[in-house]
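Just so it is clear: chains get the letters A, B, ... in the order the sequence lines come, proteins before strands, and each one is counted from 1.
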There are 2 protein chains.
Amino acid sequence: MATSIICTVDVVLLTLHDGDLHAVLLRRERDPFKQAWALPGGYIDPEHDQSAWEAAARLLEQKTGIVSPYLEQLATFSGPARDPRGWSVSVAYYALVPADILPADGEAVKRVPTARLPTLPFDHGNILQTAVSRVRSKSQYSSLPVYLCGERFTLPQLQTVYEAVLGEPVNKVSFRRKVEELGMLEPIEGEMDAGKAHRPAQLYRLRKEFRRRLSVLDRGLNSRS
Amino acid sequence: MATSIICTVDVVLLTLHDGDLHAVLLRRERDPFKQAWALPGGYIDPEHDQSAWEAAARLLEQKTGIVSPYLEQLATFSGPARDPRGWSVSVAYYALVPADILPADGEAVKRVPTARLPTLPFDHGNILQTAVSRVRSKSQYSSLPVYLCGERFTLPQLQTVYEAVLGEPVNKVSFRRKVEELGMLEPIEGEMDAGKAHRPAQLYRLRKEFRRRLSVLDRGLNSRS
DNA sequence: TGAATAGTGTCTTTGAGACAATATTGC
DNA sequence: GCAATATTGTCTCAAAGACACTATTCA
């Protein structure tokens with residue numbers, strides 16, 4: 001009989017921790033690579049999943065409890081050697097979530113800084129690197145990083161998030177102009193930092209229309225790289 | 001036994017014809033959709049293919065005779081309904097080739113303008129649209145459209161190609177500045193248009209280093225969209 | 001010489017970054 | 001008032017587009 005192909009999905013779940021971009025890894029419960037830290041993922045279930053995207057959303061929720069508002073296809077990785085069980089195809093996705101909805105690191109879940117990744121099983125290291133560069137590049141001209149913030153945030157906080165993702169400082173005036181141009185935020189009437197010894201910053205939230213989609217600019221944040 | 005998933009690849013082969021972007025379609029020799037015009041594609045063969053990319057390159061060559069210098073993954077399409085044979089995953093690729101290496105339209109191969117696509121079987125219409133917008137967007141900041149030119153071409157010709165892909169006029173001075181900045185072309189000593197009643201244009205070719213990869217700009221060709 | 005298109009110089013406009021002035025808070 | 005950070009105004013510089021001028025060919 002013809003050899004059949006293993007069809008899986010993998011999810012790169014990204015968040016911010018200590019001011020740096022981190023990926024969430026799970027400890028594998030089964031072979032291959034039992035006990036190793038790896039990306040959340042698993043088999044597509046043709047009985048229940050209506051698409052690879054649904055499989056990714058389902059597996060992410062089953063394995064981490066997280067329903068991410070932003071889950072997008074990254075790329076597909078394939079070949080005879082990436083999985084010891086045989087010729088495989090993995091459709092990879094990436095998700096961005098605010099730090100506060102993640103469980104603390106534990107026996108089965110942990111965050112690792114994307115700047116210092118451990119060696120990972122399968123081709124998960126490659127998938128993760130691809131996701132990080134995709135996120136970095138998309139962040140230059142879109143509102144993608146707002147998914148790393150909670151529901152309410154100030155512009156200085158958001159700027160810090162952009163800087164963490166892009167890995168370089170961002171001009172404050174240009175940043176505010178761009179955010180204005182993107183038009184996806186609305187101010188909330190309360191203010192924040194009532195406890196800090198300086199002028200409090202205005203709190204903002206995403207406009208309803210942008211809760212699940214990006215706002216995109218022509219020209220980017222002009223981070224020369 | 002568990003239902004197995006059908007794993008295929010599809011290739012969106014793009015070229016220029018009569019000044020417009022066209023896709024190449026093949027007449028299907030088998031069911032499903034026997035006789036219908038559809039994208040070149042087929043099953044991944046785990047016995048021979050080392051990756052989905054290799055499967056795409058192999059199928060493209062087998063079905064059209066073309067070995068494309070540029071063949072890149074587009075996205076993966078999946079679900080229970082896109083193929084009547086069952087739950088399927090198709091890894092889609094796109095390729096750009098100069099008009100002169102294509103066979104003329106015939107019984108089994110034809111070009112269709114991407115601006116007026118016929119209804120296509122499977123989800124090939126969707127795949128094709130996705131490919132066109134990807135190519136358009138990449139063309140704004142990279143050398144991608146040079147793959148639609150032959151080996152030798154003039155800057156005015158290249159500009160026309162960009163305009164066809166982008167679907168809008170491009171500023172001549174800016175265009176030449178950008179091409180200079182991309183640094184991927186070198187002039188050839190001979191000139192062209194010796195037969196035209198006006199000043200002949202300098203012929204250029206791709207530098208060796210760029211024969212198989214793109215040159216990318218920060219800021220794009222500034223086509224406001 | 002005239003028509004036609006290639007190639008270049010330069011002015012104007014737009015947008016990004018630098019810098020700094022003003023605003024608001026707790027101490 | 002002072003320290004600290006938020007927010008805004010404005011200047012400078014770089015890049016894109018507009019426009020027009022020069023160059024080269026054939027008829």
Side-chain angles (χ1 to χ4, degrees), chain A residues 19 139-143 149 152-164 166-183 185-205 215-225, chain B residues 19 139-143 149 152-164 166-183 185-205 215-225:
Chain A
S139 297
Q140 298 206 348
Y141 58 91
S142 81
S143 60
C149 291
R152 301 142 47 87
F153 47 86
T154 67
L155 291 187
Q157 284 171 351
L158 183 59
Q159 180 172 350
T160 303
V161 171
Y162 267 85
E163 289 172 338
L166 295 175
E168 61 188 2
V170 166
N171 180 282
K172 181 173 52 166
V173 179
S174 302
F175 178 74
R176 283 165 178 262
R177 275 193 293 241
K178 286 297 183 184
V179 168
E180 171 72 20
E181 191 183 340
L182 282 164
L185 299 186
E186 58 188 8
I188 313 176
E189 292 322 308
E191 287 184 343
M192 84 161 309
D193 281 347
K196 303 291 180 57
H198 56 75
R199 177 173 175 177
Q202 175 65 53
L203 276 174
Y204 289 83
R205 67 176 161 225
S215 180
V216 177
L217 292 169
D218 268 358
R219 260 181 321 287
L221 283 164
N222 255 46
S223 333
R224 302 287 178 284
S225 41
Chain B
S139 297
Q140 298 206 350
Y141 58 90
S142 81
S143 61
C149 292
R152 300 142 50 86
F153 47 87
T154 68
L155 292 186
Q157 285 170 350
L158 184 60
Q159 181 173 347
T160 304
V161 170
Y162 268 86
E163 289 173 338
L166 296 174
E168 61 187 3
V170 167
N171 181 281
K172 181 173 54 164
V173 179
S174 302
F175 179 74
R176 282 166 178 262
R177 275 193 292 240
K178 287 297 184 183
V179 167
E180 171 73 18
E181 192 182 340
L182 282 164
L185 299 186
E186 58 188 6
I188 313 177
E189 291 322 309
E191 289 184 343
M192 85 161 309
D193 281 345
K196 303 292 179 57
H198 56 75
R199 176 173 176 175
Q202 174 65 53
L203 277 174
Y204 289 83
R205 66 177 161 226
S215 180
V216 176
L217 292 169
D218 268 357
R219 260 180 322 286
L221 283 163
N222 256 47
S223 333
R224 301 288 178 283
S225 42

Original post:
Relative to the 5' end of DNA chain C, which residue comes earlier, B:Ala197 or A:Glu181, by the nucleotide with the nearest heavy atom?
Top reply: B:Ala197

Original post:
Starting at the 5' end of DNA chain C and moving along, which residue's nearest nucleotide shows up first, B:Leu203 or A:Lys196?
Top reply: B:Leu203

What closest approach, in Å, do [X] and [Y] show between heavy atoms, and which atom pair accounts for it?
X        : Y        : answer
A:Pro187 : A:Gln202 : CB-NE2, 3.7 Å
A:Met192 : A:Pro200 : O-CB, 2.8 Å
A:Ile188 : A:Arg205 : CD1-CB, 3.9 Å
A:Arg152 : A:Leu203 : NH2-CD1, 3.3 Å

Interatomic distance, [X] [atom1] vs [N] [atom2] [rounded to whole Å]:
X        : N      : atom1 : atom2 : result
B:Glu180 : C:dG9  : CD    : P     : 12 Å
B:Phe175 : C:dT8  : CZ    : C1'   : 16 Å
B:Tyr141 : D:dA16 : OH    : P     : 16 Å
B:His198 : D:dT25 : NE2   : C1'   : 8 Å
B:Glu163 : D:dG17 : CD    : P     : 12 Å
A:Leu155 : D:dA6  : CG    : C1'   : 9 Å
A:Asn171 : D:dT7  : CG    : P     : 15 Å
B:Gln202 : D:dA23 : CD    : P     : 18 Å

If you check every side-chain atom of [X], which of [options] has the closest atom?
X        : options               : answer
B:Arg176 : C:dG17, D:dT8, C:dA6  : C:dA6
B:Lys178 : C:dC19, D:dA16, D:dT5 : D:dA16
B:Arg199 : D:dT24, D:dC26, D:dT7 : D:dT24
A:Arg177 : D:dT7, D:dT10, C:dA6  : D:dT10
A:Val173 : D:dA6, C:dC19, C:dA6  : C:dC19
B:Ala201 : C:dA6, C:dG26, D:dT25 : C:dA6

Subject >> DNA chain D: 5'-proximal contact among B:Gly195 and B:Ser174 (nearest heavy atom) >> reply: B:Ser174

**OP:** Compare all side-chain heavy atoms of B:Ser143 with those of B:Lys178 and state whether any distance is below 4.5 angstrom.
**Re:** no

**OP:** Can you pull out how bent the helix from C:dT1-D:dA27 to C:dC27-D:dG1 is, comparing the axes over its first five and last five pairs, to 10°?
**Re:** 10°

Original post:
What distance do B:Thr160 atom OG1 and B:Phe153 atom CZ have between them, rounded to the nearest 0.5 Å?
Top reply: 12.5 Å

Subject >> Check ion pair A:Glu180-A:Arg177 (N to O, under 4.0 angstrom) >> reply: no

Original post:
Counting only distance, no hydrogens or angles, is the base of C:dG7 paired donor-acceptor with the side chain of B:Lys172 under 3.5 Å?
Top reply: yes

Original post:
Which one of B:Thr154, B:Leu158, B:Leu155, B:Val179 satisfies the side-chain contact (heavy atoms from CB on, under 4.5 Å) criterion with B:Tyr204?
Top reply: B:Leu155

